[in-house]
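This is a predicted model, so every value here is computed, not measured. Start at 1 and go down the list; that is how both ligands and their atoms are numbered.
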Amino acid sequence: MTREAFSPRIAAFLCSWCSYGAADMAGVGRMGYPADFRVVRIPCTGRLSPKFILSALRQGADGVWVSGCHPGDCHFISGNLMVRRHFTLLKNLLEYVGVEPGRLHFSWISSAEADKFARVAADVAAAVRALGPASGALGALIKAV
Ligand code: FES
């Protein structure tokens, strides 16, 4: 399979209060963005356990994207800041065991930023597509973490 033909499976964990709304607005506004995402709507990124990311990768996702409210806008005060720290630690740990950093993405996108959503979605999809399919060994590797 060529890189151009490769359509990655990207798990997108989107906060219901902001990035999910931006995705909705992007759709309503007919802004094109890649269809490579399997969206999981979550009540706040602070609800996102690192286990969800590991589980997505173990089950065959080629990449993961987490997007939530901007700092200061989280409906649960600091869930977005807490998960940002967890995400960074997990990304570093996964890089240590061989997972390319380009497979994991984090952003802050408000519900009014449909254009930013479409732009970041395109960037995330391009970055994961450039890496190619996640190796079959990735799942086994992650089980060991
Ligand atoms: Fe959106 Fe917390 S409510 S990240």
Of all the atoms in C18, is at least one N, O or S atom closer to atom 2 (Fe) of ligand 1 than 2.8 Å? no

For atom 4 (S) of ligand 1, the protein heavy atom that lies nearest, with its residue and separation: T45 OG1, 3.2 Å

Distance from atom 3 (S) of ligand 1 to nearest protein heavy atom, with residue and atom: H75 N, 3.3 Å

Cluster link [X] to [Y], ILVMFWY, side chain under 4.5 Å:
X    : Y   : result
F106 : L14 : no
V66  : L94 : yes
L81  : F87 : yes

Is there an N/O/S atom in C15 at a distance below 2.8 Å from atom 1 (Fe) of ligand 1? yes

Between F6 and R129, is there a cation-pi geometry (under 6.0 Å to ring centre, at most 45° from the normal)? no

Stepwise, does the ring pair (Phe, Tyr, Trp, His ring centres under 6.0 Å) test hold for W65 with H105? CA-CA 5 Å; W65 178 23; H105 297 268; 8.2 Å; no

If you take all heavy atoms of A114 and A26, which pair is closest and at what distance? CB-N, 3.6 Å

Checking heavy atoms under 4.0 Å, the part of C69 that sits near ligand 1 is both

If you count the atoms of ligand 1 from 1 in the order shown, which ones are under 4.0 Å from a heavy atom of N80? 4 (S)

Should you measure from each heavy atom of W17, which atoms of ligand 1 turn up under 4.0 Å away? 3 (S)

For the atoms SG of C74 and SG of C44, give the angle they form at atom 2 (Fe) of ligand 1, rounded to 10 degrees. 100°

